[in-house]
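Here is the structure we will look at, set down as structure tokens.
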Amino acid sequence: ETFLAPTTWGDYCKDVSSNNCTTDDGIAKRAPENQAEEAKYHDGENYDGHFRNTTQNDCDTHPKCTGHIIDTPCSWSTYTVQQLFQNNILLS
């Protein structure tokens, strides 16, 4: 469970939610209403965001697993790339 994959609102409702987001389940208050909402990873009011295990990020089964990371805007300075390289962390 080192890397959990971020799940879009649309995928959450389609693949994870037990009721396809027809009622508030604590993560999504409703289903997305358009393609722009379907593509969101977080919406401040109606979708809190969700991370889940996938085949690609199962490091126990796949030693060369990959993960996801959210970094700052490109105009900011960080050491993320160097830290990922030095710690041999692969990203998809």
Side-chain angles (χ1 to χ4, degrees):
E1 294 189 10
T2 302
F3 296 114
L4 298 177
T7 305
T8 64
W9 191 354
D11 286 344
Y12 175 80
C13 291
K14 183 178 66 175
D15 300 332
V16 180
S17 173
S18 61
N19 62 22
N20 296 91
C21 301
T22 54
T23 61
D24 186 343
D25 64 5
I27 294 177
K29 290 184 179 176
R30 61 171 175 77
E33 295 177 344
N34 54 49
Q35 286 183 329
E37 284 188 346
E38 286 179 3
K40 288 185 175 184
Y41 288 98
H42 178 265
D43 176 81
E45 296 180 28
N46 299 299
Y47 178 59
D48 288 337
H50 182 74
F51 292 83
R52 62 185 166 152
N53 283 321
T54 64
T55 303
Q56 294 85 4
N57 67 346
D58 182 354
C59 297
D60 294 327
T61 305
H62 305 287
K64 293 273 186 186
C65 63
T66 60
H68 302 266
I69 192 167
I70 297 173
D71 202 3
T72 60
C74 294
S75 59
W76 296 14
S77 297
T78 69
Y79 298 101
T80 304
V81 173
Q82 295 89 335
Q83 290 169 334
L84 294 172
F85 176 79
Q86 291 299 322
N87 290 299
N88 197 29
I89 296 174
L90 305 173
L91 297 180
S92 58

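In this text, all values refer to a predicted model and were calculated from it rather than measured experimentally.
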Query raised in the report: Quick check: does any side chain N or O of Asn87 sit under 3.5 Å from a backbone N or O of Gln83, one acting as donor and the other as acceptor?
Result: yes

Query raised in the report: Can you check whether Asp11 reaches Arg52 side chain to side chain, under 4.5 Å on heavy atoms?
Result: yes

Report task. Measure the shortest side-chain to side-chain distance between Ile27 and Tyr47 over non-hydrogen atoms and say whether it is less than 4.5 angstrom. Result -> yes

Query raised in the report: Which atom pair, heavy atoms only, marks the closest approach of Ala39 to Thr8?
Result: O-CG2, 3.7 Å

Query - Between NE2 on residue His50 and OH on residue Tyr41, distance to nearest 0.5 Å - result: 13.0 Å

**Report entry** Greater than 12 external heavy atoms within 6.0 Å of Gln82's CD
**Finding:** yes

Requested in this report: Tell me, please, which residues at least two apart from Glu45 pass side-chain contact (heavy atoms from CB on, under 4.5 Å).
Outcome: Asp43

Report task. Measure the OH-CG distance between Tyr79 and Leu84 for me, rounded to the nearest 0.5 Å. Result -> 14.5 Å

Query raised in the report: Can you check whether Lys40 reaches Tyr12 side chain to side chain, under 4.5 Å on heavy atoms?
Result: no

Report summary line: Note: Cys13 and Pro32 closest approach over all heavy atoms is SG-CD, 3.7 Å

Requested in this report: Taking all non-hydrogen atoms of both residues into account, name the closest pair between Thr54 and Ala5 and its distance.
Outcome: CG2-CB, 3.8 Å

Query - Distance, nearest 0.5 Å, that separates CH2 of Trp9 from CD of Glu33 - result: 7.0 Å

Query raised in the report: Between the main-chain N or O of Thr22 and the side-chain N or O of Asn20, is there a donor-acceptor pair closer than 3.5 Å?
Result: no

